[in-house]
Amino acid sequence: MGKGGSLNESVVKKILLSYAYVGIWIFLSFTVIVYNKYILDKKMYNWPFPISLTMIHMAFCSSLAFLLVRVFNLVEPVSMSRDLYVSSVVPIGALYSLSLWFSNSAYIYLSVSFIQMLKALMPVAVYSIGVLLKKESFKSNTMINMLSISFGVGIAAYGEARFDSWGVILQLGAVAFEATRLVLIQILLTSKGISLNPITSLYYVAPCCLAFLFVPWVIVEFPVLRESSSFHFDFVIFGTNSFCAFALNLAVFLLVGKTSALTMNVAGVVKDWLLIAFSWQVIRDTVTPVNLIGYGIAFLGVTYYNYLKYQGLMAKEAQKKAQTGDEETGKLLEEREGLGTGKKTGSDA
């Protein structure tokens, strides 16, 4: 009875901790998105410099990651040669910088709710690029599901009250760059046995992003910032915003480490609906019935996609267990055969 009670308590504790990790991640992801929108939107804080904001984030995150990895030794660094860094991390850093630059730029032109609807295209982009780069095998059922997601997003875009072509191009570009980055991580790093958690990712990738963003920043934003003499760096706004961005990476580390990447995908769907509701009720963005119908169709497609991934993971786990069971059975048979041979040898003597 005591053992059963302690076992139940342990299970309940694990479940509650999992929900806590999910809740923390949703809260921080929600906060970073709304905070970035507040800073960049011309009707709010009115600081429309997405490259500068991204560079502030990268400088802050790379500094803290360096402290955690090299000074306090709280996270183990990954052994990586210079050649591997240049051939693998640099391309990933370039794509990440473009993804962040474009996605932050989209907040200037589009509502938070519509951006979340466009982000539903991420599985479509990841799967399509995976097929093109021969990382994924083409399956007609999966492609039909991807087309249904695209169809839903298309309807949502048709019903958007504040549709802005440039904003849509920026957000779709951000999705394409991010999807390519995720596929390249599998090709360039995971296939070579290198696994980066969010902290080591920031340690290696954030300085690279900072370097890549410096060139467009000098050309596009620096001349404007230099002329606007009225601007004074707000340490409270940009400091708390950067801290939230770093805390979000820590939350990803906890969520994926303690649960799974699939849990984060499912939590992401919940977060998107919460952001749409917040954008509608608090920021007072216009969300039309056509928006919701379109996103509802896309949502069903994304949910089915996550369900298929879950089934795939369960099948792999079952296969591993079966292999382990077969190995243990083989060992037992070998031991029995060995004992039998020993007995025969003894009787023969």
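Throughout, numbering of the chain's residues begins at 1 and tracks the sequence. Note that the coordinates shown come from a computational prediction; the quantities given were computed from them, not determined experimentally.
- The aromatic rings of Trp47 and Phe49 stand perpendicular to each other, their planes meeting at an angle above 60°, with 30° marking the opposite boundary.
- From Ile293, atom CD1 reaches atom CD1 of Ile155 across 8.0 Å, with rounding to the nearest 0.5 Å.
- In this structure, Phe163 places its CZ atom where more than 12 heavy-atom neighbours from other residues, nucleotides or ligands lie under 6.0 Å away.
- Closest heavy-atom contact between Ile149 and Ala298: O-CB, 3.7 Å.
- Residues Leu202 and Ala65 come closest through the heavy atom pair CB-CB, 4.0 Å.
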Please list every donor-acceptor pair under 3.5 Å in which a side-chain atom of residues 50-59 meets a protein atom from a residue at least two apart or in another chain.
| residue | atom | partner | partner atom | Å |
| --- | --- | --- | --- | --- |
| Ser52 | OG | Trp217 | NE1 | 2.9 |
| Ser52 | OG | Glu221 | OE1 | 2.6 |
| Thr54 | OG1 | Pro50 | O | 2.7 |
| Thr54 | OG1 | Asn104 | ND2 | 2.9 |
| His57 | NE2 | Asn241 | OD1 | 2.4 |

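- Of all the heavy atoms in Gly93 and Val205, the pair that sits closest is CA-CG1, 3.7 Å.
- Gln116 is not listed as a side-chain neighbour of Trp273, based on a closest heavy-atom distance of 4.5 Å or more.
- Of all non-hydrogen atoms in Tyr295 and Ala120, the two that sit nearest each other are CE1-CB, 4.0 Å.
- Judged by distance alone, with hydrogens and angles left aside, the side-chain atoms of Ser99 form no donor-acceptor pair with the main-chain N or O of Leu95 at under 3.5 Å.
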When the side chains of residues 23-31 are checked against the rest of the protein, which donor-acceptor pairs come out under 3.5 Å, sequence neighbours left out?
| residue | atom | partner | partner atom | Å |
| --- | --- | --- | --- | --- |
| Ser29 | OG | Lys271 | NZ | 3.4 |
| Thr31 | OG1 | Phe27 | O | 2.6 |

Derivation of the side-chain contact (heavy atoms from CB on, under 4.5 Å) call for Ile283 and Met44:
CA-CA 10 Å; Ile283 303 177; Met44 298 181 190; 3.6 Å; yes
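- Both Tyr38 and Val282 are part of a single hydrophobic cluster, where members link through side-chain heavy atoms under 4.5 Å apart.
- Distance CZ/Arg284 to OG/Ser111: 14.5 Å, rounded to 0.5 Å.
- Not less than 6.0 angstrom separates the ring centroid of Tyr307 from the ring centroid of Tyr305.
- Of the possible donor and acceptor atoms, one in the side chain of Ser148 sits under 3.5 Å from a partner among the backbone N and O of Asn145.
- Both Phe66 and Ile199 belong to a single network of hydrophobic side chains, linked directly or stepwise wherever heavy atoms of I, L, V, M, F, W or Y lie under 4.5 Å apart.
- Partner of Phe102 under the ring pair (Phe, Tyr, Trp, His ring centres under 6.0 Å) criterion, chosen from Phe177, Tyr107, Trp166: Phe177.
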Verify side-chain contact (heavy atoms from CB on, under 4.5 Å) between Phe114 and Asp164, making sure each step is shown before the conclusion.
CA-CA 10 Å; Phe114 187 44; Asp164 186 286; over 6 Å; no
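- Between the CD1 atom of Ile33 and the CD1 atom of Ile115 there is a distance of 8.5 Å, given to the nearest 0.5 Å.
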Given Tyr21 and Tyr19, is the ring pair (Phe, Tyr, Trp, His ring centres under 6.0 Å) satisfied, shown in steps?
CA-CA 5 Å; Tyr21 295 136; Tyr19 277 116; over 10 Å; no
Test log, rule side-chain contact (heavy atoms from CB on, under 4.5 Å), inputs Ile92 and Leu189:
CA-CA 10 Å; Ile92 290 165; Leu189 295 177; 3.6 Å; yes
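- In this structure, the side chains of Phe246 and Val32 stay at 4.5 Å or more apart for every pair of heavy atoms.
- Tyr158 and Val124 are assigned to two separate hydrophobic clusters, defined by single-linkage of ILVMFWY side chains at heavy-atom distances under 4.5 Å.
- Side-chain atoms of Tyr109 and Arg162 include no donor-acceptor pair closer than 3.5 Å.
- Applying the 6.0 Å contact sphere to NZ of Lys192 captures more than 12 heavy atoms from other residues, nucleotides or ligands.
- For the residue pair Asn197/Thr200, the side-chain donor-acceptor check at 3.5 Å is satisfied.
- Distance check: Cys61 SG to Phe243 CZ gives 10.5 Å after rounding to the nearest 0.5 Å.
- Looking at Lys37, its side chain never comes within 3.5 Å of a backbone N or O of Ile108 through a donor-acceptor pair.
- Cluster annotation: Val126 and Leu196 are assigned to the same hydrophobic cluster (Ile/Leu/Val/Met/Phe/Trp/Tyr, side-chain heavy-atom contacts under 4.5 Å, transitive).
- Here the straight-line distance linking atom CG of Leu121 with atom OG of Ser128 works out to 9.5 Å at 0.5 Å rounding.
- From Leu133, atom CG reaches atom CD of Gln186 across 10.5 Å, with rounding to the nearest 0.5 Å.
- Residues Tyr45 and Asp234 have side chains in contact (heavy-atom distance under 4.5 Å, counting atoms from C-beta outward).
- In this structure, Thr240 and Tyr35 have side chains that are in contact, with non-hydrogen atoms separated by less than 4.5 Å.
- Between Tyr96 and Phe212, every side-chain heavy-atom pair lies at or beyond the 4.5 Å cut-off.
- Environment of CZ in Phe138: crowded, with over 12 heavy atoms of neighbouring residues, nucleotides or ligands closer than 6.0 Å.
- When all heavy atoms are compared, the tightest approach of Val302 to Pro123 is CG2-CG, 4.3 Å.
- Nearest heavy atoms, Val78 versus Ser195: CG2-O, 3.9 Å.
- Ile169 and Leu100 fall within a single hydrophobic cluster, where Ile, Leu, Val, Met, Phe, Trp and Tyr are joined by side-chain heavy atoms under 4.5 Å apart, directly or via other members.
- Ser97 places a side-chain N or O within 3.5 Å of a backbone atom of Ala94 that can act as its donor or acceptor partner.
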Test side-chain contact (heavy atoms from CB on, under 4.5 Å) applied to Val218 and Phe214, step by step
CA-CA 6 Å; Val218 168; Phe214 183 75; 3.6 Å; yes
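- Legend: residues meeting side-chain contact (heavy atoms from CB on, under 4.5 Å) with Thr286, ordered by chain and number and at least two apart, are Ala161, Thr288.
- Side-chain contact between Ile194 and Leu188 is absent, with no heavy atoms from C-beta onward closer than 4.5 Å.
- Using a distance-only test at 3.5 Å, with no hydrogens or angles considered, a donor-acceptor pair links the side chain of Asn291 to the main chain of Ala156.
- Between Val175 and Gln171 there is a side-chain heavy-atom pair separated by less than 4.5 Å.
- Other residues, nucleotides and ligands place no more than 12 heavy atoms under 6.0 Å from the CD atom of Glu76.
- Judged by distance alone, with hydrogens and angles left aside, the side-chain atoms of Ser88 form no donor-acceptor pair with the main-chain N or O of Tyr85 at under 3.5 Å.
- Put simply, the side chain of Trp280 does not reach to within 4.5 Å of the side chain of Ser113, judged on heavy atoms.
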